[in-house]
Amino acid sequence: MTLKLKNIYSKLYKEYGAQGWWPINGKYHKGNYDFPKNTREQFEIIIGAILTQNTSWLQVEKALKNLRKLKCIDAEQILKLDKEILKEAIKPTGYFNQKTEYLIRIAEFYNQLRGKTPSRKELLAVKGIGPETADSILLYAYKQPEFVIDAYTKRILTHNGLIDETANYNKLKEMFEKNIEKDFKTYQEYHALIVEHAKNHYQKKPYGEKLTAKK
DNA sequence: AGCCAGGCTACCG
DNA sequence: CGGTAGCATGGC
C-alpha cells in the first residue's frame with residue numbers, strides 16, 4: 001500500500017504538476033508553500049473551507065468577492081456585520097442559513113485563539129466544522145500535517161480497488177498518513193492533485209482512468 | 001432537465 | 001454506534 005500510494009502521487013504530480021493550493025485572493029500559487037502570509041489570508045482560507053462544503057469553488061469565489069467588498073475577510077468585521085447582509089453575501093454558495101451561523105461561530109472561535117494554532121479536537125467542537133473542514137483548515141491555514149479526505153478521494157480509491165466502500169473518514173485518513181511522508185507540503189499537494197484528477201476523470205460516470213494501470 | 005458540487009448537523013433505528 | 005434526510009444555489 002505504501003508503494004501504491006506513493007506511486008499514485010508521483011503519477012499525478014507528473015501529470016498535473018504542483019497545484020499551489022489553497023487559492024488566496026482567487027489565485028493559486030504553484031510551488032510556493034509560504035501561504036498564508038498573514039492573518040487575513042489565514043482567515044480567508046478558514047471561511048473558504050466552510051463555504052466550499054458540498055459546493056463548487058466557483059460559487060465560493062463569488063461569495064468571497066462579496067465579502068471582500070464588505071471588508072469581511074476578518075473575524076471582527078464578520079461579527080459586526082448585519083446577519084442578513086452576511087446571508088446575502090454568501091448566497092451563491094448555497095445553504096446560506098447554516099453557513100451564516102457557521103461563519104459567526106468560527107469568527108468567534110478565531111478571535112479567542114489570539115493567533116494560537118487550534119487543535120483538531122478544538123476545531124471539531126465548533127459547530128459547522130466536521131472532519132474534512134477541520135483538516136483543511138489545519139493543513140492549509142496552519143500548515144499542520146493533517147491529511148484531508150474528501151468525496152473525490154474515496155471515489156478514486158474505491159474505484160481503483162485500494163479500499164472497500166465501507167471505509168470511513170478516519171480510516172482513509174489513517175491510511176494516507178501511515179503510508180506517505182509526514183510533511184505538510186506533500187499533504188497539500190496530494191490532496192489538491194486528487195481533486196484535480198477527479199475533476200478531470202471522476203465527475204460523471206463512468207469513472208475514468210485507473211491510476212494503478214500501467215501505461 | 002437533471003445531476004452534482006473541495007460536507008455537516010440532527011435525528012432515526 | 002452506522003445510516004440518512006435536509007440544507008440551497010448555480011454550472012454544465
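Because only heavy atoms are used, hydrogens play no part in the values below, and waters and symmetry mates are left out as well, while side chains stay in. Order of the sequence lines fixes the chain letters, A, B, ..., with proteins taken first and strands second; residue numbering starts at 1 for each chain.
Straight-line distance between the P atoms of B:dA1 and C:dC7: roughly 25 Å, to the nearest whole Å. Nucleotides B:dC11 and C:dA8 place their P atoms 16 Å apart, quoted to the nearest Å. The separation of B:dC3 from C:dA5, taken at their P atoms, amounts to 15 Å, rounded to a whole angstrom.
In this model, a donor atom of one side chain and an acceptor atom of the other lie less than 3.5 Å apart for A:Y110 and A:Q42. Residues A:E189 and A:Y33 have side chains that bring a donor and an acceptor to within less than 3.5 angstrom of each other.
If you check every strand for non-hydrogen atoms under 4.0 Å, A:T93 touches nothing. As judged by a 4.0 angstrom heavy-atom cut-off over every strand, A:N97 is placed among residues touching the sugar-phosphate backbone only. Nucleic acid contact class of A:Y190 (heavy atoms, under 4.0 Å, all strands): none. If you check every strand for non-hydrogen atoms under 4.0 Å, A:Y95 touches a base. A:I194 comes within contact range of no nucleotide atom at all, as no heavy-atom separation falls under 4.0 Å. Base contact: A:G94 has a heavy atom under 4.0 Å from a base atom.
Residue A:Q98 contributes atom CD, which lies 16 Å from atom P of C:dA5 at whole-angstrom precision. Distance, A:K171 NZ to C:dG2 P: 11 Å, rounded to whole Å. A:E61 has its CD atom 16 Å from the P atom of C:dG10, to the nearest Å. Atom CD in A:E101 sits about 11 Å away from atom P in C:dA8, given to the nearest Å. Rounded to whole Å, atom C1' of C:dG2 lies 14 Å from atom CG of A:D164. In this structure, A:Q53 places its CD atom 18 Å from P of C:dG10, rounding to the nearest Å. In this structure, the NZ atom of A:K99 is 14 Å from the C1' atom of C:dG6, given to the nearest Å. One interatomic measurement links the two molecules: CD of A:Q59 to P of C:dG10, which rounds to 7 Å at whole-angstrom precision.
For the side chain to side chain contact (heavy atoms under 4.5 Å, CB included) test, residues two or more places apart in sequence or in another chain that qualify with A:T93 are A:L51, A:T55, A:V60, A:A63, A:I90, A:K99.
Base-pair partner of C:dC12: B:dG2 (Watson-Crick or G-U wobble, both distances under 3.5 Å).
Neither OP1 nor OP2 of C:dG10 sits under 4.0 Å from any side-chain N or O of A:K91.
The environment of A:K185 atom NZ is sparse: at most 12 non-hydrogen atoms of other residues, nucleotides or ligands sit within 6.0 angstrom.
Map A:P23 and A:Y102 each onto its nearest nucleotide of DNA chain B; the residue landing nearer the 5' end is A:P23.
A donor-acceptor contact shorter than 3.5 Å is absent between the side chain of A:H197 and the backbone of A:E15.
A cation-pi geometry, defined here as NZ or CZ lying under 6.0 Å from the six-membered ring centre and within 45° of its normal, does not hold between A:K6 and A:Y9. In this structure, A:K91 is positioned above the aromatic face of A:F96, its NZ or CZ under 6.0 Å from the six-membered ring centre and within 45° of the axis.
Put simply, the side chain of A:Y142 reaches to within 4.5 Å of the side chain of A:I137, judged on heavy atoms.
Put simply, chain A comes within 4.0 Å of DNA chain B, heavy atom to any atom, from B:dA5 to B:dA10, going 5' to 3'.
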